[in-house]
Each structure stands twice: as structure tokens, then as C-alpha cells.
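Report on the following structure.
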Number of protein chains: 2
Amino acid sequence: MEGVIRTHRAIECSKELIGKTVTINGWVQKNRNLGGLLFIDLRDRSGLIQVLFDPEVAPDAFEIASEIGREYVISVTGEIVGRDPKNINPKIPTGEIELQARQIHVFNPAKTPPFPIADDRVDVDESIRLKYRYLDLRRSKMQETMVIRHRAMQSVRRFLDRYGFLELETPILTNSTPEGARDYLVPSRVHPGSFYALPQSPQLFKQLFMVAGMERYFQFARCFRDEDLRADRQPEFTQIDIEASFISREQFLSLMEEMIQTLFKETINVDISIPFPRLTYQEAMERYGSDKPDLRFGMELVSLNEILANTSFKVFASTIANGGQIKAINVKGCAGWSRKEIDNWGKVAQSLGAKGLAWLAYKEEGVKGSVAKFLSAEEIRAIQQATQAETGDLLFFVADRPQMVANVLGEIRVRLAQQLELIDPNVFKFTWVTEFPLLEYDEEDGRYYAKHHPFTAPMTEDIPLLETNPDQVRAYAYDMVLNGYEIGGGSSRIYQRDIQEKMFKALGISLEEAQEKFGFLLEAFEYGAPPHGGIAFGFDRIVMLLSGRSNLRDCIAYPKTNSASCLMTEAPSSVAQAQLDELHLRVKEDKEITTNN
Amino acid sequence: MEGVIRTHRAIECSKELIGKTVTINGWVQKNRNLGGLLFIDLRDRSGLIQVLFDPEVAPDAFEIASEIGREYVISVTGEIVGRDPKNINPKIPTGEIELQARQIHVFNPAKTPPFPIADDRVDVDESIRLKYRYLDLRRSKMQETMVIRHRAMQSVRRFLDRYGFLELETPILTNSTPEGARDYLVPSRVHPGSFYALPQSPQLFKQLFMVAGMERYFQFARCFRDEDLRADRQPEFTQIDIEASFISREQFLSLMEEMIQTLFKETINVDISIPFPRLTYQEAMERYGSDKPDLRFGMELVSLNEILANTSFKVFASTIANGGQIKAINVKGCAGWSRKEIDNWGKVAQSLGAKGLAWLAYKEEGVKGSVAKFLSAEEIRAIQQATQAETGDLLFFVADRPQMVANVLGEIRVRLAQQLELIDPNVFKFTWVTEFPLLEYDEEDGRYYAKHHPFTAPMTEDIPLLETNPDQVRAYAYDMVLNGYEIGGGSSRIYQRDIQEKMFKALGISLEEAQEKFGFLLEAFEYGAPPHGGIAFGFDRIVMLLSGRSNLRDCIAYPKTNSASCLMTEAPSSVAQAQLDELHLRVKEDKEITTNN
């Protein structure tokens, strides 16, 4: 074996090695006969090298090489030779040389792969890619993504280590989370009828690290949520989990900015300027209709309530009278759109919940549009000024409850930008969104829930509102937003008993109930809790943005499908009855399921 | 808040800062009144600083400080002053200065902890420590262990990154492991009656990374085993999981030695010399009665079969005739032990399964011992020579089946060394144990099992024995052993189809069965598997040895008890019926359990 083990990786073979004997190991990317010679592109993780088999030079090797096919695993020993100038391939780093084979050893043959490995522009059905993930991962784009993922992990670790953060592990077998999403459960064999739960995040554990005096903690934490999956969700995901004590919010946010700046520089060599701009939640919703605005383009939402305060157009007037909003976005240069095109956007608005989408087109020949005739010339001029509309621009309006206006126009803004190709995919626009509402009212349950979690600190000046106007209380919570994605979210935590009690009261949780749900955390806080706060970044999503992918599954080595299955291993699967017996469990029959639910 | 946030960590306050104003945040370690002044030892993660409250200088701060107790979380702002030479405390790094307090802010009060935080020599019941883990973790020895754990992780990562290993994650929600220990199961909600399993190791996934051309992989992998726990086992544990392609075994082992050398240097500043000595499995068993020998002391097992080949002592003669062994260890200088002491060791031997423990004492006044009168003077002399016994030495003998001799004498050797304090706790003795048997026969099941796992490669020269003498086949498997602990184990893997088929045959697994159990891995191997191998290190155990602890639980932030419970969070626990309904599960009643099992 030893004699066929590689001496160099493909990429290391350059002109400096000409005349030297090397052994390269790898996969056959391509093989072709040319004028009685045989050329093989040999691929290893580092890249490609061209191997030349000449029957005159090495007849045995030539014969063996003639019999092998793509994706065979081979070892080739030979001499590095320079290529004829006319054969130099500037597209690959080893394009100036080739390997003149003396010996070949076939480690393993390969069946023809179900899709091409060499060319990853070929579109392959995702279910085939996931079933043969070990082949999909051989393709260069996937290799590149995994390398970026690796580099990103090392960069973040180095940074946090440098700033005194300790990487500490928290349990995967833990307890069900009160007030959270749906947990994955793990039945206990030793304690029949009891269950562990897989963590949705290490939130409680990291706060306990602060009580424990660890001061600065981080972890690449595996987290689990048994939710119905969307394209950008996975049942298990990785978050960069961070918590710190005795540090001001400003110091902390600026440290996180520096971390992300370093990450982008070290993984994809992109310069990010810091500090990041900041938007309060309210500003973000007002201007972009979203708490994770994409700032790579403008097209801001413009409020027309003031201009239309006394309008005689009844629809708008009654919207304002009922506490609603009228907002517009300016679709630059699209006044010439056909009625059909505009109507299509109206349908989009309706599918998002709006009653409709009003429009005005500032054309050469005058102002047209669904609301043109209902508005005064004065109003139309004022609207033009407020939206900075020029001749040739198209305005879309939504008049509705503020939340609906934001949702609909916010979403239409993004879709328009995509369709109009206003977005430069090579630009990274960061922002902090701050001052999130502390609480959210759940109509169904008739109570408030914590928007972030029940330990998020209310802003000091809003604490009095906890009893009187809970929905107006803002939190010391912050999201880091990149190109329309929330990539991280965090907050300062409540560490004082009296404020925690007020918070539970606002949530309608009695102290007894709180004790039952969060007992050990509340008890821990009695023994000397420092002021602390933290953040969690969605690492899979960061990798997605770093590597320019549009799908989280492409950024995880072995992902699950939308039905939480692994197509390669066929997990989940049935297990032996004996295993269930040991756990004292029985799977209900269909009949029982119908009866009991 | 900002005004009370720390400017320095305690340890950063040195003579260079004298005259400067600083703000320190931390916990009250100790407070005492002395001549009208108040002294507080303030502790943060970095260490301690003495704070002086003088009623003349800062009456308000003095008053507040007089009211606070141990473990209160405070912020102190004041001036660094030099201590009187007579008050210098050389025991702490900040012993030359103190902080003259101007202002104090109390972040949080603290109840009296259930055990002392400042003095971790105090022996505290472990269940109390685990229930209040957040307080236990404040104690300096635990802090130190967690810092070592952090440093060890970073050191290994940096090393492997430098050598081109990619850190890649594998799923936690996966499938039940065939041929493994007991799995933790996770019921699927989306696929009723189906289950995920938590991984016992990422073995299959890491081999698939090799098929995927990743070439060099590592991960700090969380692994799970639902076993009955011993003191040195945890239901979830962390292993440094490593796999590599296209590298010779020798290159790989020497890389791993260098990694461990670097780790010890970077975490605890200990120099380890490489290469490590090697023992074959057979040698280790012969000389130490263990496949994880502690080499910090001698007391090797000496075979006496040759010397006693023709003995007239029937017990020994029949042992040899039945294929058994007679071995001795030399307990240096203990010939003077009382009969009672020696008998106690006889009881130990019996509790380990031996029929008894024979002995000979080479005393000034002549040879005494249980077998003295049965052996000839010639034999006694020969034994003395073989065991290098001098006057004053005591020999213990076991005569039994080879496995029993090894188990009993191997264990007695270790316990003797502990009792006789032959072990220097500051010494690290590494060894590789190689050439493990490939297979183990299970009497109960009447079949062979893979000693490591079914993909471990047999040694080339032993492959013919797979069909004729399976129990004589040695594997390309290697364990790294440190001070009597197996800290890592690995092997070269089978990557050729014909050898894999021979292996399954030896295991009594039909190809259909293999297909069913390992289908996707076997299929993957058809598409071009490179030669590869790897290792997994028990990270928790390495931390234990690095930090000089004797208990794995002390090296894990939030460990489980021997009954797999977390005393702090009370996991596992009961869950709502609605959660089980969603999973289509029912916990069996006690009655059913009795009936069905």
C-alpha cells in the first residue's frame, strides 16, 4: 500500500516540480483517447491534474488505464512534465504541467454515477442528490460550500477565543421547553414514562453559565424544532450561541459586528464596513414593511396619511378614520406596464391578504391609475412629491390596518426588486434592528407571549408600561439582518427578580406557574446573577449567504427533506418491538388515533 | 448601566495601574472588617482583587458595602493603590495592589450558597453539587477544568485545520445502528410509528465523507449510548471524530501523536515525547494483562509456564495441561506483609473470578508462601530469576485460563500500584496498542461480532484465516492508551468489496442481511471508495486526564447521574398527554409491562 500513497495533492503540482516523480491519488474526472495517447483528468479535493498515459513510455500502465472509467479511485506515479505552450490550460491552476504516468494502481472501480460529478451546472433532481448525497458532495460547488462552512467555523472560534469567550457544551438530552415551539422527545428507558427533549436552543443553560461566573460563553450549538418545515427550515440546525456578562450593549453589539466583519474577510475575502446602520423595529416596519429589511435597494414605503388626511376619496378616508394606514411604493420607470401586469400585482396583494392594490402611473400624457379620478390634483401632486415620483414612475398603494399594509407592501417591495433585478447579489447590506416589542398578543389564547423569550429585558423607560400598556413595551432586543435575512437575534436578559416578576405578570403567568416552569433558573438567579445578554446566529443561514446559495439544504452535509426525512439513510424508520418494549412504549393503531384525537 | 460596567478584569490590575481609576465587576468572595475598614475579595473569572472600603474616603460606598454578603454581584469603581509591603500577598497575582473603592453598585444580592464557593477543597456531596451546578461551576477547580476543556478544543481544531482536515457536522437525528449498543430513540411526528435514533458515533457518515471525496474530516461529535452507566460513562459524550483518505497508517498515527503532543503543550504546558511506544494487543495482554496498560509503573506479568512445565505441584501442572497459564507479579519490598493483608488480596482475586491467589515471599529468613512447600528449590530459584525477585519481595501468582489470568493479575497490578503509591500523577505515559483481534465470539449468540465494527480492515496476511480461524485474524486497529485509559481507538477501514463480503461471511451475516442493515453504505462503496481510516478520541476523558480529575462528571458542564438524570433541570420528566398524542404514542401501564415482558 505505502508505495501508492500520495506524495502530493493535485494542486501542489506546479512548474517547480517539473522533472520530479510524484504520486497522486484521486478520482477519474474525465478520460479521453487522443492520437494513441490516453489523458485522464485526476481529481482530488484540492483540484485537477492532467495525467498522460503513453503506451511507448509505460505500456502496462497504459493498458490498465485504458480499462478504467469515470469516478474510479486510482493512484498514479510518474513524472511532472511541462506542457507544450499550445496545450496550456489557463483555467486550472495545474494547467501548465501534466503528469507523465509510469505506474497506476486502481484502489476501487466505480459504477456510473446517477448524475454527472464533473459538471455541477447540470440540474439534478434534488431527491436524487439527497439519496446519493456522497456523490453530490463530490461536486465542486458542494465541496466549496463545505469548505466555506469549515472556514467560517474556525474564523468565528478564533475570534471569540481571542476575546476570552469559552466554548462550553450544553446537553442534547434535556427537558421540554416551556413557552417554546414543539419539541422532539426522547423516551427514557431508566425512568419509564419520562422523556428527555432535544433543545430548541441552549438558552437556559447559557444563562446559567452566566450565573456560574463563566462571563463569556459560546458554542456551535445543535438545536432542534419539530415544526412543519418550510424551504428554509431544518428539524436540526446549528446556531452560534453566545452570551456575555459585565459588558454594555454597545460594547457587545460592536464586538459582534467585528466578529462578522472578520468572518466575511476570512472566509470569502469580502470587506464589510462597521458599525452597521441601525433601525428600530418601528422604523423598519414603517420604511420597509419588514423587521428584516433588505437594504440592497430602496423602494421604501411612504406614508400618505398626512397628505390624505382630508381626502374626499371614501375608501382612503375611512381607512384613516379607522386607524388604518395608506402607504405607497414607487416602482421606478414602470409607468408603462400593461394593465395585465399591474393586475397581476393586484392579485399578489390579494393573496397576501390585502383587499386590493391601488396604483397611479405618472405618464408623459398625464396621471393614470385606479385611484386617479378619486384624488384631487393637489393630492396627486403632494403624493408625487412625497414618493419622489418622476414621469415614468408607477406607484402602488395599500390602504389597510398598519400590520397588513406592512406585510403586503413589504413583500411586494421584495418581489418587485427581484423581478426588476434591482438586487446586486455580490453586495452585503447589514443592519441591526432594535427595540422590538417585548410582547405579542395571541388572540386565540387570549394572552401575551414573549416575542423573544420570557427573560428578555424590557427597556428601562418602558417598565412602567408593563402594567398599563404591555403591547407598547419595547425590549432590549436586537436582530442582525443581512440582505433581508435575520441572521442573528439576541437581547439583554432580565437579571433582577422584581422585573422578572413584572414580566411574568404581564404574561399572565402566576409565580407558582413560573416556579414550576422555570424553577431552577429562577432559583439560580437568587444566588447572584450578573447583568448579562447574548445572541444566537443561524449558522446554516450565514453559510448560505457566504456561499451564495439559495437553499439551506445545500449548506448542510446531510440535510433532511421537508418531511424531515433523510433520503440517504431512510431515517426515520421502524424499530424492533423489543426496543419499544424496553421503553415501555406502544405505537397507537390507526383506529386508536382516530378515536383519541 | 454603562458607568458601572467594568473597565478591567481583576487580574489585569497590577502595579502599572497604580493611581488609575478602574471599575471591576464580580462576586464577593470574602468580606471582613478590620480596624474600622472593610475589605472585600472581589472575584471575576480572571481571579481575585482586594477592595478596600474606607468610611473616611467614601462613606456612602462604605455603608452599602457593609450590608452585602458573600456571592453578591457588585461593581466597584475606585483607584488602584499599592499595598504596604507588609500587606503584600504573594499568593495571588494582584497581591501587590488593592482597589480603593469610591463607588459601589449592587447588581444583585445572593442567598447563602448551599456549599462554600471560595474553598473548593471542601468536600461537598455530589448530588448537591449537581443540583446547584451553576454554583459548583463557580468554584475555581471547576472553572479551571472548563478552561482546559475550551483550550483543548481550540488546540485540536487549530492543529487539524492546519493539516487540511475539514470540520463537518453529521446529523443527530439519524437511524438506529445495527450491531451497536442500545440507541436512544426519537419518535417521529410526521411519520407515525417511525423513529430516529441518536448516533452512537458518526461512523457511517464519516466513511461517507470519504466516499464523497472530503479526504480529511473531523468533528467534535456528540454521541449517545443508552447503556447502564458506570462511573466513567455518560449517556451523551463528546468524541473527537477523525477520518482520512489516501494516507498511510504510519503517517496517520504519527499525525495523531503530533496532535496529542501539541494538545498537551498548549493546554497544560507539558512536553510529551513522540513517537509513542507500541504494543501489540497480544504483548499488552501478556505483559500487563490489559489492552490499556498503565505504563507509569512496572510490575509486569511474568509467565512461568516454561519454568513450571514439569512441576510436580498438581494445581499448576493441571493448569498447564489444560492450556492454562501461570503468571506472577513481583510486589517489590512487600514480603513483610501480614497474612491478613495477603489474604485480602486473595479475596480481591476471587472477586475478580480467580480461584485464588498463590504467593511466595522472599524473606531474609527464607522463602515462605502458600505454594512454597509444593515447589522444588530449583523452581523457586527459577521463579525468582524470572521475576527478578530480590530478598524482601512478594510474588502473587494466578493459574487459570489465559483470559482470567490476564484479567485478575492485570487488575491486581493496577490496584497494588495505587495502594503502594507507585504512580506519579504528574507523568503521562502514552502507548499505541495495535493488532487487535478482528472478531470476538459471543457464546450466547453463537456467532462472531466485530470487536471494533464490521468495517474494520483485517490485516492483509491474516485474510486467509477469515474462513479457517476467524478468532486468529488480527485487525488494522489501534488504540491510543494513556495512563491506563483508552483515550482513542481507530482502524483502517475495509474499502474493497471482496474483503467486505468475507467479513460479513465471518460474522455470519448474509449478503441480503448486510444489504438491509448497511445498504446505503455498501451502495456508496460501489461508486468509488478511497482507502481510508480514522480514529475517535474520548474528549471528556482527555479533559479528565489533562485536568487531573478522576471523574468524567467533573469535566462536563452539565453531566447526568448514573441513572441518566440531570439533578439541576430534573430531566427526564413527564410530558403533556397532548405531546404523546401528536406522536401517536402511549406509555404502557405497569400491568401491561408485567404482562408483555
Side-chain angles (χ1 to χ4, degrees), chain A residues 2 5-6 25 45 71 73 107-108 110-111 134 137-138 150 153-154 161 166-168 171-176 184 186 188-191 193-196 208 211-213 215 222 236 246 248 520 524 526-531 557-558 563-564 568-569 571-573 575 584-588 593, chain B residues 2 5-6 25 45 71 73 107-108 110-111 134 137-138 150 153-154 161 166-168 171-176 184 186 188 190-191 193-196 208 211-213 215 222 226 236 246 248 520 524 526-531 557-558 563-564 568-569 571-573 575 584-588 593:
Chain A
E2 310 286 316
I5 288 295
R6 70 171 166 208
N25 294 173
R45 200 183 85 198
E71 299 307 319
V73 192
F107 287 123
N108 243 332
K111 293 202 294 193
Y134 44 87
L137 286 171
R138 273 188 206 164
H150 163 78
M153 280 188 146
Q154 311 316 314
D161 179 44
L166 297 180
E167 185 167 12
L168 298 170
I172 298 290
L173 293 171
T174 176
N175 251 350
S176 205
Y184 279 104
V186 182
S188 161
R189 176 180 57 86
V190 183
H191 308 277
S194 285
F195 293 79
Y196 305 96
L208 289 170
V211 178
E215 294 188 5
R222 209 68 73 81
E236 56 179 304
F246 303 135
S248 75
F520 65 97
E526 306 268 294
Y527 288 102
Y558 301 109
S563 69
M568 184 180 72
T569 61
S573 61
V575 295
H584 305 289
L585 283 184
R586 209 158 68 72
V587 176
K588 287 184 192 172
I593 295 170
Chain B
E2 311 286 317
I5 289 293
R6 70 171 165 208
N25 293 174
R45 201 183 82 198
E71 300 308 316
V73 192
F107 288 122
N108 243 331
K111 292 203 292 193
Y134 45 87
L137 285 170
R138 272 188 206 163
H150 162 77
M153 280 189 145
Q154 312 314 316
D161 180 44
L166 296 180
E167 184 167 14
L168 298 170
I172 298 290
L173 292 170
T174 178
N175 251 350
S176 204
Y184 279 104
V186 182
S188 161
V190 183
H191 309 277
S194 286
F195 293 79
Y196 305 95
L208 289 170
V211 178
E215 295 189 3
R222 209 68 72 83
D226 186 9
E236 56 179 304
F246 303 136
S248 74
F520 66 96
E526 307 268 295
Y527 287 102
Y558 301 109
S563 68
M568 183 181 71
T569 63
S573 61
V575 296
H584 305 289
L585 283 185
R586 210 157 68 71
V587 176
K588 287 186 194 171
I593 294 171

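Order of the sequence lines fixes the chain letters, A, B, ..., with proteins taken first and strands second; residue numbering starts at 1 for each chain. Side chains are part of it too, since the values below use all heavy atoms of this structure and drop only hydrogens, waters and symmetry mates.
Taking A:Leu585, A:Asp161, A:Val186, A:Ile172 one by one and counting their heavy-atom pairs under 4.5 Å with chain B, the maximum is reached by A:Ile172. Per-residue heavy-atom pair counts under 4.5 Å with chain B were compared for A:Arg138, A:Met568, A:Arg222, A:Arg189, and the maximum is reached by A:Arg189. Comparing A:Ala524, A:Ala564, A:Ala557 by heavy-atom pairs within less than 4.5 Å of chain B, the highest count is held by A:Ala524. Annotation: maximal heavy-atom pairing with chain B below 4.5 Å, among A:Leu173, A:Val190, A:Val575, occurs at A:Leu173.
Proximity to chain A is limited to the side chain of B:Ser188, based on heavy atoms less than 4.5 angstrom apart. Only the side chain of B:Gln154 comes within contact range of chain A, with at least one heavy atom under 4.5 Å from a heavy atom of that chain. In this structure, the portion of A:Ser176 lying under 4.5 Å from any heavy atom of chain B is its side chain and not its backbone. Contact of B:Met153 with chain A is made through the side chain alone, with heavy-atom distances under 4.5 Å. Contacts between B:Leu168 and chain A at a heavy-atom distance below 4.5 Å involve the side chain alone, from C-beta outward. With a 4.5 angstrom heavy-atom cutoff, A:Val211 touches chain B via backbone and side-chain atoms both. Residue B:Ser563 touches chain A through both its backbone and its side chain, counting heavy-atom pairs closer than 4.5 Å.
Relative ring orientation between B:Phe246 and A:Phe107 is described as tilted, the plane-to-plane angle lying within the 30° to 60° band.
To the nearest 0.5 angstrom, A:Asn175 atom CG is 3.5 Å from B:Ser573 atom OG. Taking NZ of B:Lys111 as the start and CD of A:Glu526 as the end, the distance is 5.0 Å to the nearest 0.5 Å. Rounding to the nearest 0.5 angstrom, the gap separating the NZ atom in B:Lys588 from the CZ atom in A:Arg586 is 7.5 Å.
A heavy-atom distance below 4.5 Å is not found between the side chains of B:Thr174 and A:Tyr558. You'll find the side chain of B:Pro572 stays beyond 4.5 Å of the side chain of A:Phe195, heavy atoms only.
For B:His150 (side chain) and A:Glu167 (main-chain N/O), a donor-acceptor pair under 3.5 Å exists by modelled atom type. Between the side chain of A:Asn108 and the backbone N or O of B:Ala529 there is at least one donor-acceptor pair closer than 3.5 Å. Side chain of B:Glu215 to main chain of A:Arg45: a donor-acceptor pair is present (N/O by atom type, distance under 3.5 Å, no hydrogens or angles).
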